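For the single chain, residues carry numbers from 1 onward in sequence order. Just so it is clear, the model here is predicted, and its values are computed rather than measured. Order of listing sets the numbers, starting from 1, for every ligand and every atom in it.
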Amino acid sequence: MKGAIFDLDGVITDTAKFHFEAWSQLAKEQLGLVLPAEFEAELKGISRTDSLIKILEFGGLRDNYTEEEILAMAEKKNGYYLQAIETLTKEDILPGITRLIGELKDHGVKLSIASASKNAPAILEKLGLLDEFDAIADPSKVANGKPAPDIFLAGAKAVELEPKDCVGVEDAVSGVAAIKAAKMTAVAVGDETELAQADVVVPTTADFSYALFEKTWEAAK
Ligand code: BG6
Ligand code: MG
């Protein structure tokens, strides 16, 4: 294993609840919709615009809004989200992640971010982790969002590595599908049944280690 390509939301810090709260506020205020709890998982890994389209489809409202109105609503949601993440600090780094980063670096593994979030650099900055990563793939520069492989391929390319030499790290079903489509080894955190497409699934980020990543990569390659 020469590279570890990380998702951010749900892997490095738990921002899924903030995304869901921001979407819920927007849906209630602008669309008169109450989002069911299952939406929190369904929207994981999905880009801002694709998330809004899913919400509009859920409400049977897909054709009621122009492209411009959709962009304006997505922008509004991002305003709510930015407010919610204002207070993030290094205390919000998920368990085991700082240790894992140290272990991977000690073994010369390159670290890259493959998040769908346009807020990834700002979040990493708040967590004090911006300088720990060798690269951050830019989601606005890839053609297709997760579950397409594009952002993971961009993450590997940004550190000049072949996908086969990399492990991808995810918490979302769409993200695990993206890693496998990129022909990388997938390490996932969360529900074993939901994330069954991954090469290994652990219940919490505290279970991540260099040894687990290396062993899983060896077995899967
Ligand atoms: C992903 C989240 O990391 O980023 C999604 O899991 C989110 O829920 C997506 O929609 C896009 O994020 P942003 O910050 O660009 O709106
Ligand atoms: Mg995620």
Atoms of type N/O/S from protein, distance to the Mg ion (ligand 2) below 2.8 Å: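 The number of such protein atoms is 3.
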Check ligand 1 against [X] and write out every atom of the ligand that is under 4.0 Å from a heavy-atom position of the residue.
X: Leu43; answer: 5 (C), 8 (O)
X: Asn119; answer: 13 (P), 14 (O)
X: Ser115; answer: 3 (O)
X: Lys118; answer: 13 (P), 14 (O), 15 (O)
X: Ser51; answer: 10 (O)
X: Asp9; answer: 1 (C), 2 (C), 3 (O), 4 (O), 6 (O)
X: Gly45; answer: 2 (C), 5 (C), 6 (O)

Heavy-atom nearest neighbour in the protein, as seen from atom 5 (C) of ligand 1, with distance rounded to 0.1 Å: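 Among all protein heavy atoms, the one nearest atom 5 (C) of ligand 1 is Ile46 O, 3.4 Å.
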Atom 16 (O) of ligand 1 - nearest protein heavy atom and its distance: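 Answer, as residue, atom name and distance: Arg48 NE, 2.7 Å.
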Leu8 touching ligand 1 at heavy-atom level, < 4.0 angstrom: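 The answer is no: ligand 1 sits nowhere under 4.0 Å from a heavy atom of Leu8.
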Residues Asn119 and Asp9: side-chain donor-acceptor under 3.5 angstrom: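 There is no such pair between these side chains.
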Side-chain donor-acceptor contact under 3.5 Å, Gln25 with Glu29: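 Short answer, yes.
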Partners passing ring pair (Phe, Tyr, Trp, His ring centres under 6.0 Å) against Phe213 (at least two apart in sequence or in another chain):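 For Phe213 the ring pair (Phe, Tyr, Trp, His ring centres under 6.0 Å) partners, ignoring immediate neighbours, are Phe208.
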Ionic contact status for [Y] with [X], cut-off 4.0 Å:
X: Lys221; Y: Asp165; value: no
X: Lys157; Y: Glu160; value: no
X: Lys118; Y: Asp138; value: no
X: Glu40; Y: Lys44; value: no

Nitrogen or oxygen of Asp7 less than 3.5 angstrom from that of ligand 1: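 No; the residue has no nitrogen or oxygen that sits under 3.5 Å from a nitrogen or oxygen of the ligand.
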Backbone or side-chain N or O of Lys44 under 3.5 Å from ligand 1 N or O: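 In this structure, Lys44 places no N or O atom under 3.5 Å from an N or O of ligand 1.
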Asp150 side chain to Asn144 backbone, donor-acceptor under 3.5 Å: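 A pair under 3.5 Å: yes.
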Results of side chain to side chain contact (heavy atoms under 4.5 Å, CB included) for Glu38 - residues two or more places apart only: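 In terms of side chain to side chain contact (heavy atoms under 4.5 Å, CB included), with neighbours along the sequence ignored, Glu38 is linked to Pro36, Glu42.
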Residue pairs fulfilling ring pair (Phe, Tyr, Trp, His ring centres under 6.0 Å) with at least one residue in residues 105-151, sequence neighbours excluded: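 Qualifying pairs, neighbours excluded: Phe6-Phe133, His107-Tyr210.
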Sub-4.5 Å side-chain heavy-atom contact between Thr89 and Leu127: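 With C-beta onward as the side chain, the pair stays apart.
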Aromatic ring proximity, centroids under 6.0 angstrom, Phe18 and Tyr80: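 No; Phe18 has its ring centre 6.0 Å or more from that of Tyr80.
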